[in-house]
Amino acid sequence: MLDKAFNPSEIEPRLYAGWESSGAFACDPGSSAVPFTIMIPPPNVTGSLHMGHALTFTVQDVLVRWRRMQGRDVLWQPGTDHAGIATQMVVERLLAEQGNVDRRAMGREAFIERVWQWKAESGGTITRQLRRLGASLDWARERFTMDAGLSAAVREVFVTLYRTKDADGRGLIYRDRRLVNWDPRLQTAISDLEVENQEIKGHLWYITYPIAGSMQGEPGQFITVATTRPETMLGDTAVAVHPQHPTLAALIGRHAILPLVGRLIPIIADSYADPEKGTGAVKITPAHDFNDFAVGQRHELPMPSVLDRQACVTVAEIADALAAVDGVADPAFVRGLDGQDRFAARKAIVAELERLGLLAKVEPHTHQVPHGDRGGVPIEPLLTTQWYCNAEVLAKPAIEAVETGRTQFVPKQWENTFFAWMRDIQPWCISRQLWWGHRIPAWYGPDGAVFVAYSDAEARAEARVHYGNDAALVQDEDVLDTWFSSGLWPFSTLGWPEKTKELARYYPGDVLVTGFDIIFFWVARMMMQGIHFMNRVPFHTVYIHGLVRDERGQKMSKSKGNIIDPLELIDRFGADALRFTICALTGPGRDVKLGAARVESQRSFVTKLWNAARFCEMNAIAPDPAFDPAAARLPLTRWILDAANDAVARATDALERYRIDEYAAICYRFTWNTFCDLFVEFAKPVLSPVMAGPPPGPEDAASCPVMPDPRSGPGHAASSPVMPGPRVGPEARPRTGSGPASTTFVLDEVWDGRDKPGHDRRAPAPVQSDTADAREVRATAAHVLGIVLRLLHPAMPFVTEELWDRFGYGAQYSLIRAPWPTPVPVTDGANARHELDWVVRLITQVRAVRAEMNVPSSTPTPILLRDATPETLARASRWIDAIKRLARASELKSLTGEMPKGSVQAVLDEATVILPLAAVIDLGTERTRLAKERDKATGEAKKIAQKLENVDFVRRAPEEVVEENRERLATAQAEIARLEAALARIE
RNA sequence: GGGCGGUUAGCUCAGCGGUAGAGCGUCUCGUUUACACCGAGAGGGCCGGCGGUUCGAACCCGUCACCGCCCACCA
């Protein structure tokens, strides 16, 4: 027996362990099946599962589980990223907390050993958490970016790119001395992508630079520059003005005296100086500003650095130029700045300028200041020698691959983002001044000669050739950007550069799933490196999902305190509920707004499925291997099989299009609305007919609050004249066995105006019907439940597996590899659909009317059909038990004569549905209700008529559209006529 | 400055040329034995504004407004 409720916390760990140990997630390189590969975006080894992970891994797991069920040989490659900066920071913080010496005191080797130790102890957090989410990763193949094999791949790539020369004879990896984004807190170079601009409320300082050799009172005695960074002025080597500047151009060629420093700097012409901005003159500090660096290169200016690696002032490079100038420059002041922090120096410099009267003015100024995304402090452009990768060369084939569609983005609009960045790609700084990471395989000789090699030994061998003897070599201290190794993930995890059978089989992969924030960092680099080294794109599809936000659409962040922990949600509601919520909310190009309330409401779907299964269990519904859907003969079974076909086809199509949200909605609707609300309810009278029909009404019809007409007395209804009903021809007579239930009720009985006392159903026997009909319904129910479980398995693996096992659809843990459902032939599905559609509409109509008239559902009433065709009456007869049960009917009959007084009417196709409710209805209310219905239909008819009167519409619209409108008009007009007739019957 | 996305029921969102939809919330009714994490029913929207294309626009085009994001840059 299934428990009353699904208990995820008990069931999930057990099922996951079973899956994993039974090898259900493992790929099979020896299989003949078509492979399907997804490379996990390796989470940081320091990470713990956050909502972004929950989103991306749920989406991937849905795709992976679905494809596995389709029979593909799935490799979902797991692993983690060594995450250079992040991990180094974590371990350094830990060392500090434990009161250890810092890493520099500790030494490189000992520190790295400590990081490995940390990884062994704490690096498994994220992978454990992924298991809790239900991610079906092939754990036996787990990789780490610093594994020996992956490290070998990194060296292979580095050496190869270094040795591959571009058109100018330069390696695709090369060393260069230029400005780099320097993070003074972490004391390492970072790439452009790791810089985040933050809006800062600062100041614009206007500083007066005296012109050298100018006379007192001369108009051009000073040139004023504006700056947001006065402290960099120590490194100024020019002042630039626009060559066509109306007034300042006259000063070009003269020199300014750099305040504080006393050095003479030229006033140069450069169109970089925008006459509209600031004062029109701009100070040039080539070593501390990217634009100024370019100006400095153009004019061959000196480039002294005045800030060091900790962003403190250093005067070493300008010491020789210091000169005392009365009232302008004082070498002692500048020397006094040496070693001061950049912001302290700024303050001091501003104060000194003010004291000297060289500060023309200060304005408040809000501007974007670049910050390091990890360190969080303003970055400092710094002149250093770093290793670069010529991304421009590598980008070209990657751009082409997307242009030609060999790799496609979903949604497509992200291709524009990709192109925009790739077509203007900058040299990629790949060296980092860290210890944790892949050490750059470059060695330096005593004279600075560089030897790039696979190993220390190989480098020594090269040096021996170079020098003619054994020279002492020193390996480069730096490590590579983490993304350099991540970019190799699609093939380094498969054994490259070895030619493994996994590499041949699983590269290229199929889909890459990630967020848009990673397109540049990772997707672009995998494309570039994958194409360059494997000659093929690493994946044919890049599926980009949104970001997870909180319920109000705010980005989740620690500072806002709106972080939602997926593990907490799993604890509270179960992994299936969380996963299904994510699936339902992840529309293309849309962020996922998620909160506990949403997960809680989706949990009820898990419960619903569980309870539907309990119903099946209670009704002895069990899988029947001999069941043949094509042989189903009942309208009910043919209808549900037909509807299941439709759900299967549409769910599969949605997954093909990566529309996880549509897939979820289709499954949800089919399970809840179609299977539970309709099929199960219709099945009940067949499965246990004793329980069919409404609960017992009052024994005495006269005491029923519905029937007696308070105005005319209890005898009134009974005294209404009743005409004989139509004889239903034998062809329309219900055939025993073709309907869903016993047909003890005959529709050609004429309603006699009296409600029959209900059967005595006060003690329903818990018997299960064992008719052929009931057996067919049971087998069908089991078949369709099996489809539901398989359809939902990718989204809700736990509850579906549990039910699959409990019902014995297959061996334990077999759902994970059960065949994905495909549509099956159904006999005359359209007919069954039409039939059920009518029954549902009848029931809905009656329910609506009853609710509107405030008839309590405990009070059954008769349902009379007027003007119904024999076909309709036959249909009604076939479904009489279900109708009575679901529409709370005491009986169902045809009516040709006059309507009982005080009846309520509703129009259903050609027939009018009449509910005799004399006791409770007010004629005025009923008249208003019917008039409202009629007016609605009239409005509809008028709209369509207008359309059809438009000759252009009739002439130019497609024939089927015109025809459809004609039909709709006819239907509406017929409905109006019947509603008019109904109104006329009311006195 | 360049670009992208969004604006549809109270909320979250589907729909993207031919009858405006769902879930949640609201209101009403219901102790029907699968399920109150339930069932039934109802109310609720000139689909951001203005133009245009079309027989027909929530949907296509233009434009504006507001919200969000990305890139560049602001001496």
Side-chain angles (χ1 to χ4, degrees), chain A residues 2 4-6 192 197 204 225-229 240 272-274 277-285 289 291-292 365-368 411 413-414 416-417 420-421 424 516-517 519-520 546-547 549 551-553 555 573 577 584-585 587 589-591 593-595 597-598 600-619 659 661-662 665 668-669 673 676-677 680-681 684 688 691 693-695 764 766 843-844 847-852 854-858 885-888 940 943-944 947 950-958 960-962 964-965 968 972:
Chain A
L2 294 175
K4 184 138 172 85
F6 175 62
D192 298 348
N197 285 316
L204 198 53
V225 297
T227 181
T228 55
R229 301 208 54 197
Y272 163 66
D274 184 344
K277 278 183 192 160
T279 61
V282 56
K283 69 192 228 15
I284 300 298
T285 322
D289 180 283
N291 288 311
D292 293 5
H365 183 67
T366 302
H367 60 141
Q368 300 284 325
Q413 81 236 15
W414 291 110
N416 293 328
T417 307
W421 190 69
D424 184 35
F516 55 79
D517 49 334
I519 292 177
F520 305 145
L547 250 45
R549 298 174 175 278
E551 263 161 320
R552 295 196 319 256
K555 215 168 176 169
F573 308 115
L585 294 176
R590 211 175 249 282
D591 288 343
K593 291 180 201 163
L594 207 109
R598 279 165 216 245
E600 184 174 16
S601 76
Q602 294 294 346
R603 179 189 48 178
S604 47
F605 180 52
V606 180
T607 309
K608 186 75 183 177
L609 176 63
W610 183 260
N611 279 307
R614 283 183 69 220
F615 170 84
C616 291
E617 187 186 49
M618 287 171 185
N619 283 278
R659 287 302 302 265
D661 56 331
E662 277 186 34
Y668 183 97
R669 273 189 219 121
N673 303 112
C676 294
D677 290 345
V680 165
E681 293 307 323
K684 280 175 182 174
S688 40
M691 288 171 64
I843 292 166
T844 307
R847 282 170 170 173
V849 170
R850 287 174 54 107
E852 208 160 342
N854 290 316
V855 182
S857 60
S858 54
R885 183 188 171 98
L886 299 177
R888 320 301 299 163
E940 172 79 5
K943 233 167 77 181
I944 305 165
K947 206 178 226 184
N950 181 345
V951 288
D952 281 328
F953 171 72
V954 177
R955 202 173 59 230
R956 313 188 77 136
E960 62 268 25
V961 173
V962 177
E964 191 195 318
N965 276 278
R968 276 175 49 209

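Lettering of chains follows the sequences in order, A, B, ..., and the numbering in each one begins at 1.
Heavy atoms of A:Ala420 sit nowhere under 4.0 angstrom from any nucleic acid atom. Residue contacts shown for A:Glu617 are absent, as no nucleic acid heavy atom lies under 4.0 Å away. In this structure, A:Asp677 reaches the sugar-phosphate backbone alone: every heavy-atom distance under 4.0 Å involves primed, P, OP1 or OP2 atoms, never a base. Using a 4.0 Å heavy-atom criterion, one finds that A:Glu852 contacts no nucleic acid atom at all. Within the 4.0 angstrom heavy-atom criterion, base atoms lie near A:Val680. Among the protein residues, A:Ala273 comes within range of the nucleic acid bases, having at least one heavy atom under 4.0 Å from a base atom. At a threshold of 4.0 angstrom between heavy atoms, the contacts of A:Cys676 include nucleobase atoms, whether or not backbone atoms are also involved. In this structure, A:Asn950 reaches the sugar-phosphate backbone alone: every heavy-atom distance under 4.0 Å involves primed, P, OP1 or OP2 atoms, never a base. A:Lys277 comes within 4.0 angstrom of a nucleotide base, judged by non-hydrogen atoms across all strands.
If you check B:G23, B:G18, B:U32 against the side chain of A:Tyr668, the one that comes closest is B:G23.
The aromatic rings of A:Phe520 and A:Trp421 lie parallel to each other, their planes meeting at an angle below 30°, with 60° marking the opposite boundary.
Rounded to a whole Å, the CZ atom of A:Arg598 is 18 Å from the P atom of B:A22. Atom P of nucleotide B:C69 and atom CH2 of A:Trp414 are separated by 13 Å, given to the nearest angstrom. Atom CG of A:Leu547 and atom C1' of B:G68 are 12 Å apart (whole Å).
Side-chain N/O atoms of A:Lys608 and base N/O atoms of B:C37 include no donor-acceptor pair closer than 3.5 Å.
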